[in-house]
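Since the structure comes first, as C-alpha cells, the remarks are kept for the end.
Throughout, a chain's letter reflects where its sequence line sits, starting with A, and its residues are numbered from 1.
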Number of protein chains: 2
Amino acid sequence: MATTTAAQRREADRAAYDAFLAACPSRMVLDRISDKWVGLLLAALADGPKRYSELGRRVAGVSPKMLTQTLRGLERDGLVEREVTAAVPVRVDYRLTPLGAGLHRAVLHVKDWAEAHVEEVLAARDRYDSRADTESG
Amino acid sequence: MATTTAAQRREADRAAYDAFLAACPSRMVLDRISDKWVGLLLAALADGPKRYSELGRRVAGVSPKMLTQTLRGLERDGLVEREVTAAVPVRVDYRLTPLGAGLHRAVLHVKDWAEAHVEEVLAARDRYDSRADTESG
DNA sequence: CTGTATCCGTAACGATACTG
DNA sequence: CAGTATCGTTACGGATACAG
C-alpha cells in the first residue's frame with residue numbers, strides 16, 4: 001500500500017503543519033500584512049487618526065467592503081482603535097494603537113529595504129526576462 | 001449624468017493608482033513576501049543552499065507547482081540563485097543571493113516583532129471575540 | 001530527480017445596492 | 001457619514017498526470 005504515499009504523506013504533513021502554522025507568530029503576522037490593504041492602511045494611519053471616509057480617499061481604489069473588512073481585522077488584532085462620536089452625521093475615527101505603530105515600524109524596515117534595493121531587483125528582473133527571451137528565440 | 005460618479009471615480013482612481021503602485025517599491029516587496037510560500041522559502045534557505053526536493057521537504061505541504069513557481073519568482077527578482085549540476089539524476093541547488101539575504105533580514109524584523117508581541121495580539125483577539133459574543137447575546 | 005501542463009475548487013476581491 | 005449584505009469574477013493555490 002505505498003501507491004498513494006506521496007500524496008497522502010503531503011496531506012498528513014499539511015495537517016500537522018497547519019496546526020504548527022496556526023501557532024507560528026511570524027506566519028500569523030505575515031498573513032496579516034499580506035492582506036492587500038493592510039500595508040496601505042498602516043501607512044495611511046501612521047501620521048495620525050483618520051475618519052472612515054478619509055481613509056477611503058487616502059487609499060484610493062478601496063471599496064467600502066474591503067475598507068471595513070481590513071479595518072475590522074486590524075481592530076480585532078489590537079492594531080487599530082475605533083472611536084465613534086455620536087454626532088448628527090455619525091463620525092468614526094481610526095487610529096493606530098501602540099501595538100499597531102510597532103508593527104508599522106517593523107514593516108517600515110521592509111519598506112526601507114525595498115526602496116534601497118528596488119533598482120537591483122528591477123535590474124535582475126530585466127536580466128531574467130531578457131535571458132528568457134533569448135532562450136526561447 | 002452624475003449617477004455613476006462614485007463608481008467611475010473609483011475606477012479612474014484605481015487606474016492612476018495601479019500605475020502608481022507598479023512603481024511603488026514597498027508595495028512591490030510587500031506583494032512578494034505576501035506570496036504564501038516566500039517567507040517559508042526564505043527561512044528554509046537562510047541557513048545555506050538546498051536542493052529542490054530538500055526544500056519540498058522543509059516547507060512540508062507545498063506542491064511541486066507552488067515550489068517551482070515561487071522559486072522562479074524569487075530567482076527572477078535576483079533573490080535566489082539556481083545552480084544546475086548535470087549529473088545522472090539531475091541535481092539543482094538553490095541559494096539566497098546577498099540581495100535575498102538582505103530581504104530575509106528585513107523580514108526577520110517583522111518576525112521578531114511578531115514573536116515579541118504575539119501574546120498581545122492574541123489577547124486583543126480574544127477580547128474582541130468575547131465582546132462580539134456579548135453584544136450579540 | 002526536477003520540473004511542466006492541466007484541471008478544479010476555494011476564497012479573496014470588487015461592484016452594487018441598501019440601511020441606520 | 002458609516003457601514004452591511006449580496007453577487008459575480010477572477011486569480012490563487014492544490015491535486016494529478018506527465019516529461020526531460
Taking only residues two or more places apart in sequence or in another chain, which ones pass ring-ring contact (aromatic ring centres under 6.0 Å, His included) with A:His117? A:Trp113

Whole angstroms only, please: what is the CG-C1' distance between A:Leu67 and C:dA12? 16 Å

With sequence neighbours left out, write down each residue that passes side-chain hydrogen bond (donor to acceptor under 3.5 Å, both in side chains) with B:Arg51, or none if nothing qualifies. none

Starting from P on C:dG9, measure out to CE on B:Met66 and report it in whole angstrom. 19 Å

What pairs with B:His104 under side-chain hydrogen bond (donor to acceptor under 3.5 Å, both in side chains), at least two apart in sequence or on another chain? none

By nearest heavy atom, map B:Val90 and A:Ser53 onto DNA chain D; which one lands nearer the 5' end? A:Ser53

How does each nucleotide of nucleotides 3-10 of chain D score, in 5' to 3' order, for protein heavy atoms under 4.0 Å: base (B), sugar-phosphate only (S), or none (-)? SB-BB---

In whole angstroms, how far is the C1' atom of D:dA2 from the CD atom of A:Glu83? 15 Å

Counting only heavy atoms from other residues, nucleotides and ligands, does the tally under 6.0 Å from CZ of B:Arg72 exceed 12? yes

Is A:Ser63 near enough to C:dA15 that one of its side-chain N or O atoms lies under 4.0 angstrom from OP1 or OP2? no

For D:dC1, does OP1 or OP2 lie under 4.0 Å from any side-chain N or O of A:Arg51? no

Whole-Å distance, B:Asp31 CG to C:dC13 P, equals 11 Å

Listed by chain and number, what are the side-chain hydrogen bond (donor to acceptor under 3.5 Å, both in side chains) partners of A:Asp93, not counting sequence neighbours? A:Arg91

Within a strict 4.5 Å, meaning less than it, do heavy atoms of the B:Leu96 and B:Glu81 side chains meet? no

When the distance from CD of B:Glu75 to C1' of C:dG3 is rounded to whole Å, what number comes out? 13 Å

Using C1' atoms of five pairs at each end, report the bend of the helix from C:dC1-D:dG20 to C:dG20-D:dC1 rounded to 10 degrees. 40°

Would you mind telling me which of B:Leu67, B:Leu45, B:Leu74 makes a side-chain contact (heavy atoms from CB on, under 4.5 Å) with B:Tyr94? B:Leu45

